[in-house]
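Below: the structure, in structure tokens.
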Amino acid sequence: MVDQRATGTWITVEKDLSLNVPSDPNIGFIEGDGVGPDIWAASQAVMDAAVTKAYGGKRKIHWYELLAGEKAKRETGEWLPERTFEAIRQCVIAIKGPLTTPVGEGIRSLNVTLRQVLDLYACVRPVRYFSGVPSPMKDPQKVNMVVFRENTEDVYAGIEWPAGSEEAERLSAILEKEFGVKLPKNPGIGIKPMSRFGTHRLVRRAIRYALDRKLNSVTLVHKGNIMKYTEGAFRNWGYELAAAEFASETVTESELWEKYDGKNPSGRVVIKDRIADSMFQQALLRPEEYQVLATPNLNGDYLSDALAAQVGGLGMAPGANIGDGCAIFEATHGTAPKYAGMDKVNPGSLILSGVMMLEHLGWVEAAHLIEKALEKTIQSRVVTYDLARQMEGAREVKCSEFGQAIISHLGE
Ligand SMILES: NC(=O)C1=CN([C@@H]2O[C@H](COP(=O)(O)OP(=O)(O)OC[C@H]3O[C@@H](n4cnc5c(N)ncnc54)[C@H](OP(=O)(O)O)[C@@H]3O)[C@@H](O)[C@H]2O)C=CC1
Ligand SMILES: O=C(O)CCC(=O)C(=O)O
Ligand SMILES: [Mg+2]
């Protein structure tokens, strides 16, 4: 059984949403399913070693295990016990391995449930190139984008009914009789809710992020030509928010063309939009023109995996789910079931999620130590299978050994 005693001090949140981080914070962790336990063990060791190296024992994370997924089911009979939500709220900050979701049947996604119940409305996924990483791109160093994906709405919300169910039949009858909509016989039906409120708070975060880091642009990625009142509205609400709250700090791309022949002499953040299919090819052909991408939920899901492939693959793709109260850091990838228990996959994605977490805590010295050591390890050609199969002369190591190699480069 998991020991759920907290041995450190709780982080607290101020009214302005800033964090009070003690030197011995309790931080929640969910090991995850599939490859989760392997990548978690490697990541925890790297984070602990970096914190010790950076602060010489003056700071220490007190890890507090939270149950979810297969381990929770085994130990409590529930996939996602209520206690886990309470504990994440209390910890404020947590980090997790991936959790399995069955396809076409069975339980709904536990990952999505965590995001919805805790209102972690912004999924933030940075995509950057580390030198030495093999990439299919000619100039992978030009890829440096951050996806801000709306995390609670859209078809991802899981409001759907199977073909032949009473609910689907009743809904199709209403749509046909009351709205004159002609549907195929016996359809499965899903609903795509997207709101002004949900779009505004996501785009607000994306623009603030760009302003804080002096980035050039925020691009709204949508399929608004086809889904006019959801994805099209996302685009319109995004521009609306920029004009209402950031008028003196932003400029739209069309204003730039009208007034300055497409150039940006003002240094303001450019707000632009791209239709989603075109965005995928832009990301390959002209990545340097994009910095922050604000997307509805499903577009962001697809785009973040595709962008990860441009800089080394899912083994190098970190992320965070952030709300106004708490945040859960997690890799972009899933449980990679064929590698479960093999100590094989790349823990880089979860380690880099840990880097994001340390930065969020303000422990930037430890975060930078890890980033540098990770890059050094890859440059020394000591890598896991995913990078080894794309590199010449690499030494393939296990997941745990890759973690140890990073630790050995800390502070070099
Ligand atoms: N947030 C979460 O918890 C998420 C959970 N999931 C869930 O995970 C399960 C499996 O989904 P699946 O579609 O297979 O997607 P995965 O992301 O789990 O894996 C797909 C492929 O990506 C590569 N990959 C993934 N992780 C790593 C890693 N750490 N290092 C190296 N390569 C990696 C592997 O490629 P290769 O085969 O080429 O070696 C792997 O087979 C599903 O139940 C899904 O719902 C999915 C995404 C996110
Ligand atoms: O919840 C899941 O199983 C999949 C989630 C996912 O793919 C993602 O959030 O990127
Ligand atoms: Mg995904």
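Counting starts at 1 for both ligands and their atoms, in listed order. Counting from 1, the numbers follow the sequence of the chain as shown.
Of all atoms in ligand 1, numbered sequentially from 1 with element shown, those under 4.0 Å from a heavy atom of K338 are 37 (O), 41 (O). Each of the atoms 28 (C), 29 (N), 30 (N) of ligand 1 lies under 4.0 Å from some heavy atom of V345. Within ligand 2, the atoms closer than 4.0 Å to a non-hydrogen atom of R115 are 8 (C), 9 (O), numbered from 1 in the order shown. Of all the atoms in ligand 2, the ones that sit under 4.0 Å from a non-hydrogen atom of Y156 are 4 (C), 5 (C), 6 (C), 7 (O), 8 (C), 9 (O). Ligand 2 places these atoms under 4.0 Å from at least one heavy atom of N111: 1 (O), 2 (C), 3 (O). Each of the following atoms of ligand 1 lies closer than 4.0 Å to a heavy atom of T100: 43 (O). Against a heavy-atom cut-off of under 4.0 Å, R149 is close to the following atoms of ligand 2: 8 (C), 9 (O), 10 (O).
The closest approach of D301 to the Mg ion (ligand 3), by N/O/S atoms, is made by OD1.
Both the sub-6.0 Å distance and the 45° axial angle are not jointly satisfied by R274 relative to the ring of Y290. Under a cutoff of 6.0 Å and an axis angle of 45°, R235 and Y239 do not form a cation-pi pair.
In this structure, the separation between CD1 on I11 and CD1 on I27 is 4.5 Å, given to the nearest 0.5 Å.
Heavy-atom distances between G313 and ligand 1 stay at or above 4.0 Å for every pair. For the pair R115 and ligand 1, a heavy-atom separation below 4.0 Å is found. For the ligand labelled ligand 2, residue R108 lies outside the 4.0 Å heavy-atom shell.
Minimum heavy-atom separation, P347 to S43: O-OG, 3.9 Å. Smallest separation of non-hydrogen atoms from E160 and G190: CB-CA, 3.8 Å. When every heavy atom of R205 is checked against every heavy atom of D324, the shortest pair comes out as NH2-OD1, 3.6 Å. Residues I93 and M357 share a closest heavy-atom pair of CG2-CG, 3.6 Å.
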For this session: I would like to know whether E371 and R128 meet salt bridge (Lys or Arg N to Asp or Glu O under 4.0 Å); could you show each step before the answer?
Result: CA-CA 12 Å; E371 268 187 330; R128 61 159 282 208; 3.1 Å; yes
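The protein atom (non-hydrogen) at minimum distance from atom 29 (N) of ligand 1 is N346 O, 2.9 Å. Of all protein heavy atoms, the one lying nearest to atom 10 (O) of ligand 2 is D301 OD1, 2.9 Å. Given atom 5 (C) of ligand 1, the protein heavy atom at minimum distance is L99 O, 3.3 Å. Protein heavy atom in closest approach to atom 18 (O) of ligand 1: A336 N, 2.7 Å. Counting only heavy atoms of the protein, atom 3 (O) of ligand 2 lies nearest to T101 OG1, 2.5 Å. Among all non-hydrogen protein atoms, the one lying nearest atom 1 (O) of ligand 2 is S109 OG, 2.6 Å. Scanning the protein for heavy atoms near atom 33 (C) of ligand 1, the closest one is Y385 OH, 3.9 Å.
Here atom 3 (O) of ligand 1 lies nearest to N111 when heavy atoms of V35, N111, L350, D38 are compared. Residue H333 holds the heavy atom nearest to atom 27 (C) of ligand 1 of all those in H333, R389, E330, K96. Of the candidates G69, C399, G334, G334 brings a heavy atom nearest to atom 16 (P) of ligand 1. With atom 44 (C) of ligand 1 as the reference point, the heavy atom nearest to it among D305, L314, V112, T101 is part of T101.
The parts of T335 lying near ligand 1 are both backbone and side chain, judged by heavy-atom distances below 4.0 Å. When heavy-atom distances to ligand 1 are checked against a 4.0 Å cut-off, P102 has no atom that comes that close, whether in backbone or side chain. If you look at R125 next to ligand 2, the close heavy atoms, those under 4.0 Å, all belong to the side chain.
Taking the six-membered ring for Trp and thresholds of 30 and 60 degrees, W63 and W40 have ring planes more than 60 degrees apart, a perpendicular arrangement.
Salt bridge status for D277 with K223: present, with a side-chain N to carboxylate O gap under 4.0 Å.
Closer than 4.0 Å to atom 13 (O) of ligand 1 lies none of the heavy atoms of the protein.
Considering only heavy atoms from C-beta on, Y209 comes within 4.5 Å of L215 through its side chain.
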